[in-house]
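Below is a structure I'd like to ask you about.
Both backbone and side-chain heavy atoms feed into the values below; hydrogens, waters and symmetry mates do not. Please read these numbers as outputs of a predicted model, since none were measured by experiment. Residue numbering restarts at 1 for every chain, and letters A, B, ... go by the order of the sequence lines.
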Protein chains: 2
Amino acid sequence: MNRYEDPLALVDVTLFTIQDGRLSLLLATRKNAQEPYCGALALPGGTIHTDEDEDAQDAARRVVRTKLGIDPPYLEQLYTFSGRTRDPRRWSLSVAYYSLVPEQVLEETPIEGLEFVPADAIPGLPFDHNAIAAMAIARLRSKSTYSSLLTFLLPPEFTIPELHAVYEQVTGSTTNIAAFRKKVLDEGMIEPTGQRRKGGQHRAPDLYRRRGTGLQELKRTI
Amino acid sequence: MNRYEDPLALVDVTLFTIQDGRLSLLLATRKNAQEPYCGALALPGGTIHTDEDEDAQDAARRVVRTKLGIDPPYLEQLYTFSGRTRDPRRWSLSVAYYSLVPEQVLEETPIEGLEFVPADAIPGLPFDHNAIAAMAIARLRSKSTYSSLLTFLLPPEFTIPELHAVYEQVTGSTTNIAAFRKKVLDEGMIEPTGQRRKGGQHRAPDLYRRRGTGLQELKRTI
DNA sequence: TTAATAGTGTCTGTGAGACAATATCAG
DNA sequence: CTGATATTGTCTCACAGACACTATTAA
């Protein structure tokens, strides 16, 4: 039926977290079995396993689970990269995903062959992985301004100053926190837990949680 | 190397135009050679030809060229739909695109087995094509509000009232044209040609063109 | 001149953003 | 109390949107 050679079908994941206060992403050393570029640092990924993966998102989830031992709290399709020459093996097609994970979740995770690098200091990567990572960062920056996306980089309960710090780190903007507080509160994407964070040196900040389980988005008007 | 059966690699295109003042999209009758669902109306698409297509976008462009005989003025990747059961043949992966074409371009095109249906009256389609079309419509609606996207549904020179009519047709909003005019003009996405459209019954409207060759997008602030 | 459509100017409400003032914590 | 951080309140500016007014066309 199909007269043409099938493309190689892959998934790749750009997994973000906060490390030492900086937006960082996960790179993995490619194993010996993983030709080509084995031994090199790259975005975690691999071929779709049509016998066990229900769909591409499922394949991406498996990749994260295999590397980190956790199910990613947030995982969204980014873009599909394709072409004759992007992979030396053959015509290939990689469905790219990006994921957000709070740093607290990663503390008890195996770091075998894994490395987190700051998003503004990504080394040269094989394939078109630098382009994938760049698009993931752009998407994250953009979506941070009109959704509850950044709450997925924080633990279930967090404070406005914490969210503001992540916002500044990701977007590079330096708006004052009072305006930021008002905006996120009357957008209604987060809600107060009624508790405060005790134990700090100073005034205890109010705790909030994401409203609803999934991502909240704002709509534009005209 | 690859122990798993390769997925079927496809592209599908949701091609929008304006017909009789309504947002419409293209459906094509699947040919006899096109198992499964041959004879049914579906989104135009097909397998990626790894021997002639440079990448998936190229494959989508070929699909449009084959059906309509034209290179689509606007073609953008939408989403990749995948899974074990979405195609009866086998585990499949379809990179979906959407395209915008002015109705004037389609006037001298072969209509062999082609049909345009209003976007709010799409019949039942095979595969997950209804989900693809729904996402394409949602993307078009959303992006219409903050980009020059809708100008690709109009000829190279157009008037503000024409653009406004398309805007209302696509988004369903009914904002008054004065506000719309001011917004699109100081966004700077279109520019006056200096000419007016002669021959109407009433005051001749100013003509505009898209500024730049490609899509213009607005950025949000916070 | 009239009817119909196109384009411009003015007013208002909303919300981002800056800044000041108040509140709360530990020492 | 003091110093540091958190939160709230006030003011301003930008802009979407409504509406009224002016402009242009053909009959």
Problem set entry | d(CZ, A/Arg196; P, C/dA26) in whole Å | 11 Å
Problem set entry | Polar side-chain contact A/Lys183-C/dT14 base: donor and acceptor under 3.5 Å | no
Exercise. Looking only at atom types and distance, does a side-chain atom of B/Gln57 sit under 3.5 Å from a main-chain N or O of B/Leu75, one as donor and one as acceptor?
Worked result: yes
Seminar exercise, completed: B/His164 NE2 to C/dT5 C1', in whole Å, measures 14 Å
For this session: May I have the distance from A/Arg197 (atom CZ) to C/dA23 (atom P), rounded to whole angstrom?
Result: 24 Å
For this session: Mind checking A/Asp206 for me? I need base, sugar-phosphate or nothing, with any heavy atom below 4.0 Å counting as a touch.
Result: sugar-phosphate
Exercise. Between the side-chain atoms of A/Lys198 and the base atoms of C/dT24, is any donor-acceptor pair under 3.5 Å?
Worked result: no
Seminar exercise, completed: Between CZ of A/Phe180 and C1' of D/dG9 the distance, given in whole Å, is 19 Å
Seminar exercise, completed: note: B/Asn176, atom CG; D/dC21, atom P; distance rounded to Å ~ 15 Å
Exercise. Which of these nucleotides, C/dG27, C/dT24, D/dT25, is closest to any side-chain atom of B/His202?
Worked result: D/dT25
Seminar exercise, completed: To the nearest angstrom, the CD-P distance between A/Gln201 and D/dG3 comes to 15 Å
Exercise. Considering only heavy atoms from C-beta outward, does the side chain of B/Leu125 approach that of B/Pro123 to under 4.5 Å?
Worked result: yes
Exercise. A/Gly200 or A/Ala178: which one's nearest nucleotide on DNA chain C is closer to the 5' end?
Worked result: A/Ala178
For this session: Round to a whole Å and report the spacing from CG of B/Asp186 to C1' of C/dG9.
Result: 14 Å
Exercise. Do A/Arg84 and B/Asp55 sit within salt-bridge range, that is, some charged N less than 4.0 Å from a carboxylate O?
Worked result: no
Exercise. How long is the line joining CZ of B/Arg203 and C1' of C/dA6, in whole Å?
Worked result: 5 Å
Problem set entry | Check ion pair A/Arg197-A/Glu162 (N to O, under 4.0 angstrom) | yes
For this session: Classify the side chain of A/Lys182 and the base of C/dG17 as holding, or not holding, a donor-acceptor pair under 3.5 Å.
Result: yes
For this session: Determine, using ring centers only, whether A/Tyr37 and A/Phe127 are less than 6.0 Å apart.
Result: yes
